[in-house]
Structure formats: C-alpha cells, structure tokens
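The structure appears below as structure tokens.
In what follows, chains carry the letters A, B, and so on, assigned in the order in which the sequence lines appear, proteins first and then strands, with residues in each chain numbered from 1. It should be emphasised that the depicted structure is a prediction, and the values quoted were computed from it without experimental measurement. Side chains included, hydrogens not; waters and symmetry mates left out as well; all remaining heavy atoms used.
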Number of protein chains: 2
Amino acid sequence: MNQPKRYLDIVLDIRKMINQENIRPGDRIPSERELAERLKVGRSTIREALRSLELLGLIETRRGEGTFLSDHRNHQLVEVLSTFILQDNQSQEDVQETRKIHELSAIRSICQNDATSQLSVWDSFSKCLTDEEGFLRSDFIRELMVLSGNRLSLKIWILLEQYSGHPYKGRISSDETMMIKNILAAIRQQDADKAAAALTGWIDWLQKENEENDHNS
Amino acid sequence: MNQPKRYLDIVLDIRKMINQENIRPGDRIPSERELAERLKVGRSTIREALRSLELLGLIETRRGEGTFLSDHRNHQLVEVLSTFILQDNQSQEDVQETRKIHELSAIRSICQNDATSQLSVWDSFSKCLTDEEGFLRSDFIRELMVLSGNRLSLKIWILLEQYSGHPYKGRISSDETMMIKNILAAIRQQDADKAAAALTGWIDWLQKENEENDHNS
DNA sequence: TTTTTGAAAGTGGTCTGACCACTTATGTTC
DNA sequence: GAACATAAGTGGTCAGACCACTTTCAAAAA
C-alpha cells in the first residue's frame, strides 16, 4: 500500500491547527516537540514538514525562540526556484530581456496610477535627481520597480539584476540626466508608451556602454 | 551569530551537483546516504532539503527506488499553497499580474518578429484553432510563450500559471474564438499594441469567468 | 538450457535519543 | 531596583536503528 508521505499530512494538519486555534501571521505556532507529541509522530517528521513550509515562505523559524507564522508575502520561493530555473538557462540574452520585460511593465504600471500616487512618484524621483552625490543607476531602476507596487515582480527583478551582472552599477552621468528627465516627463504625462520608449532608450544606451567597457578591460 | 540554515546550503549544493554531473530531468540523483556522506552532514539534514524541493515539485522521491529530478511540472505546490495562501489578496494579485506581464510581453515580442518567423507563428496557431477537439486555453497561451523565444520567461510563466491556480484550464468556447481571431489578426499585422490589447481583453474576460465559477461552486 | 524463485542489497520513511547553540524567563545577589 | 547568573525552553544537527519497498542476481526448479 505505498503509504503516501506522512509529512504531507502533517503539513495539512498544521494548517488545520492554525485555522482552529486562530493563529495569525506573526504569532508563534506550537514547538516542534509539542507538535510531535500532539500529532503522534516523530520530531523529524514534523521538521520535514516545517522545512518545506519555511522554504515556501509560509513560516519563519528563529532558533531559541520558536516557529512563527509568516505573512506569506515574502515570495521566498522565487529565490530557490530561480537558482533551479536559471541553472541551464545560461543564455544571458534571456536574462537581460526578461529583466527588461519587468522594468518596462513597471513603468507602464506607474503611468497608469491615479494622480495622487503619481505625485508621490514624482517626489521620489526628483529627490533622487537633486541628490547628486552617490545616487546610483540601480537606485533609480529599483525605485521604479518598488513604485510599481508589484512585490513579486520586484523580487524577480532583483534576482535577474544580480544574474545579469549588475548592469546598473555606477553613478548617473550628466549625459543620462537628460534621458531620465524625459522618462520622468513621460510619467508625469501618464503616457505609458512614451515612458516605455524613453526607458528602453536609456537601458539600451547603458548596455552599449557596458559592452564597450568590457572590451576595454 | 545566528548560524545560517544548513539545509538551505544543502539545497544549493544539490543544485550545483546536478549542474556539474549533468543530471537531466528524469534522472536519478545520489541517494540520501551518499549525499550525506559527500556533503558531510547528517542524513536528516539532507532529508529536510529534499523534502523542501519535493514540495516545490523540483524532485520526486520513490521509496525503494530513489530520488529523481523532476521536470518541474508538479501540482502539489499549488495544492499546498492554495490552502495556505488563497486568502491573501495582495500576493495573489501580484502573481496574476506578473503572469500577465509575461504574457503581454510575449505577444509584443512575437509581433516584432520578422516576416518568416511570423509565418510559422501563424501556422502553429491556425493549426490549433482548426483542431477543435481537445484544444485547451492553456495550450494557446503556452504556444504564445514558446513562440516568443524567451525560454526563461516561459519557465517563469509555467510556474506562475500553476501558482495562480491554472486559470487557463478548460476548452476554448465559441465565444472566445472571435477574440482569438482578433488576436491572431493583430499579430499578422504586426501591431503590438493592438495584439496586447486584444490579449488583455481575453485574459480579463477569462478571469471574470473563473471568478463566477468559483462563486457558484 | 530457460524459467522461477527467493534472498540480499540498496533506497526512501520514520522514530528515538542525544547533544549543541541560542533566547527567554527566573531567581539570586549586590 | 539593577545587574548578573542560572535554568528552562526552542530550533539545529547528528547517529543509529528499524520498517517498507524495489531491484538485482544467483541459486533452484522446470
């Protein structure tokens, strides 16, 4: 009777327990030893279930303190999945392009925000531009991703940015200031197509820049 | 100094091992006992890492046979996650939206292909439409993702599609045939904006459809 | 010879008990 | 009352032991 995985039942039992005892995100769940006793299984089985849930970002464990129900917004699974997905996808082009996909979608999304959100967006960016000292390209793009409001997309972008060799390292040059101002202007006008085009221009320009640097070095 | 989780390192070690030894989906990976010896950790630690990967659908374990690398198409991830996470609106919306991002980018990319590629695209889709029996919505969208040529984007999409509860299950109804024809027409005209708009229409229509079904059941 | 059988080896599944490292609560001392 | 030391509780890890199951392969049977 191929007895199907005990730890999977445990996962469901734990979920049921969380429901019944009204455990909320951030609360502590019973200790491993207590769970083992209550569910009448070994502690190792409990741990296998918990580790799975932890990898999914559903719970959080702190040594010496306990196990806590997470507010599963972490999307931690992306990090692990990505290492598996990207393993055979050495095609750098795919990574670059996918990163661009998320960036362009983000700026389009921002353009479609309502006016009040629009205002805060403007604030964030113009503050960045005036602060000439130490403001990096990656900060600008990251701000873009954050403001789009899609946290999953942000997480994916962070990973892709790392995997594609940090294309946005370095400070914003005076040449680029104009491009960025064009991007901001398009956002202000809520013109998604124009903003996307302007951003594409900057990204491609940067990429060419990076390639030249790679050649020289 | 909070020693970072050992089993997470193991996950990465296993990934590296898979890479180095060129283990392909379907192949067997070393036994738990061998992994424990090679990585110099206890078997229980190995198991915690493997259980996590199993829940993610990245590997498959068969008692008495061994552990096998899966072609990440497994369902249990969705089942477990949905029981935990379905309540959380924000993250669900993020997943849906991110999936849509990849779909729209794919269709835009296809529209920008050259004429010869365009032709084969047309072939693939029209063959799907004439084959009325058993042609599923997911097949159409998947074909879209494949034809875009970005394999990384395709892989991410597959995961998101599972993670968001298989929104494209079911056959294409006669109502939808018209929408799809509009999409194909836009592709033929290489009009990216039009194609994206048409696809958005279909996706949103489908989403509304799914929500109604959920209410009824 | 070919087929059947069955014991052995190998694998994942589970349990137990023992430490370790860390945090929190408790109580003691100053 | 404050500072410190101790104990209790918790997750992290390990080793060893069975169990259930599959595969293998050599011995026995046909």
Side-chain angles (χ1 to χ4, degrees), chain A residues 1-15 17-18 21 23-70 72 74 76 80, chain B residues 1-15 17-18 21 23-70 74 76-77 80:
Chain A
M1 282 322 152
N2 205 339
Q3 207 70 9
K5 329 280 179 187
R6 195 76 158 271
Y7 85 100
L8 273 179
D9 296 335
I10 300 299
V11 166
L12 297 182
D13 285 339
I14 292 176
R15 171 191 135 294
M17 187 178 295
I18 287 173
E21 305 188 5
I23 299 175
R24 322 245 323 152
D27 292 351
R28 232 199 65 180
I29 70 180
S31 74
E32 296 178 352
R33 290 169 176 86
E34 185 183 341
L35 284 172
E37 195 175 348
R38 281 170 65 173
L39 299 177
K40 293 183 175 49
V41 295
R43 194 180 151 211
S44 55
T45 303
I46 294 290
R47 282 185 62 81
E48 291 185 7
L50 291 180
R51 288 298 74 69
S52 302
L53 296 180
E54 185 182 43
L55 198 69
L56 290 178
L58 296 174
I59 61 171
E60 187 182 345
T61 55
R62 297 201 279 271
R63 171 193 258 166
E65 299 182 53
T67 306
F68 300 82
L69 189 59
S70 155
H72 34 269
N74 291 346
Q76 179 178 349
V80 178
Chain B
M1 293 309 116
N2 213 336
Q3 210 72 6
K5 324 276 178 187
R6 196 77 158 272
Y7 85 100
L8 273 180
D9 295 335
I10 301 297
V11 167
L12 298 182
D13 285 339
I14 293 176
R15 176 189 70 66
M17 188 177 296
I18 288 173
E21 306 188 6
I23 300 176
R24 318 272 314 164
D27 293 351
R28 233 199 65 183
I29 69 180
S31 73
E32 296 178 351
R33 290 171 177 84
E34 185 185 340
L35 285 173
E37 195 175 347
R38 280 170 64 174
L39 299 177
K40 292 183 174 49
V41 295
R43 195 181 150 212
S44 56
T45 302
I46 294 289
R47 282 185 62 79
E48 291 185 6
L50 290 181
R51 288 298 74 71
S52 303
L53 296 179
E54 185 180 43
L55 198 70
L56 289 179
L58 295 174
I59 62 172
E60 188 181 344
T61 56
R62 296 200 279 272
R63 170 193 261 167
E65 298 181 53
T67 306
F68 300 82
L69 190 58
S70 160
N74 249 338
Q76 43 207 355
L77 164 79
V80 176

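- Between the P atom of D:dG9 and the CD atom of A:E37 lies a distance of 13 Å, rounded to the nearest Å.
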Verify salt bridge (Lys or Arg N to Asp or Glu O under 4.0 Å) between B:R51 and B:E54, making sure each step is shown before the conclusion.
CA-CA 5 Å; B:R51 288 298 74 71; B:E54 185 180 43; 3.0 Å; yes
Under 3.5 Å, which N/O atoms of the protein pair with N/O atoms of nucleotides 7-11 of chain C?
| residue | atom | partner | partner atom | Å |
| --- | --- | --- | --- | --- |
| C:dG10 | N2 | B:G64 | O | 3.2 |
| C:dT11 | O2 | B:G64 | N | 3.4 |

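- Rounded to an integer number of Å, the gap from CD of A:E48 to P of C:dG12 is 12 Å.
- Within 6.0 Å of CD in A:E37 there are 12 or fewer heavy atoms belonging to other residues, nucleotides or ligands.
- Checked against side chain to side chain contact (heavy atoms under 4.5 Å, CB included), A:E65 has the following partners two or more places apart in sequence or in another chain: A:R62, A:F68.
- One can place CZ of B:R43 at 11 Å from C1' of D:dA17, the figure rounded to the nearest angstrom.
- Rounding to the nearest 0.5 Å gives a distance of 5.5 Å between CG of B:L50 and OG1 of B:T67.
- Pairing each heavy atom of A:S70 with each of A:P25, the nearest pair is O-CB, 4.1 Å.
- B:I46 places its CD1 atom 11 Å from the P atom of C:dG12, with the value rounded to the nearest Å.
- For B:L50 and C:dT14, the CG to P distance is 13 Å, given to the nearest whole Å.
- If you check every strand for non-hydrogen atoms under 4.0 Å, B:T45 touches sugar and phosphate atoms only.
- Distance B:K40 NZ to D:dC14 P: 12 Å, rounded to the nearest Å.
- The base of D:dG12 lies outside donor-acceptor range of the side chain of A:R51, with no N or O pair under 3.5 Å.
- Taking atom CG of residue B:L35 and atom P of nucleotide D:dA15, one finds them 15 Å apart after rounding to whole Å.
- In this structure, the CD atom of B:E54 is 11 Å from the P atom of C:dG12, given to the nearest Å.
- Side-chain nitrogen and oxygen atoms of A:T61 include at least one within less than 4.0 Å of the OP1 or OP2 phosphate oxygen of D:dG12.
- Residue A:P30 is tested with A:I46, A:I14, A:I23 for a side-chain contact (heavy atoms from CB on, under 4.5 Å); the sole match is A:I23.
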Give the C-alpha distance, both sets of side-chain angles, the deciding distance and a yes or no for side chain to side chain contact (heavy atoms under 4.5 Å, CB included) between B:L39 and B:M17.
CA-CA 10 Å; B:L39 299 177; B:M17 188 177 296; 4.1 Å; yes
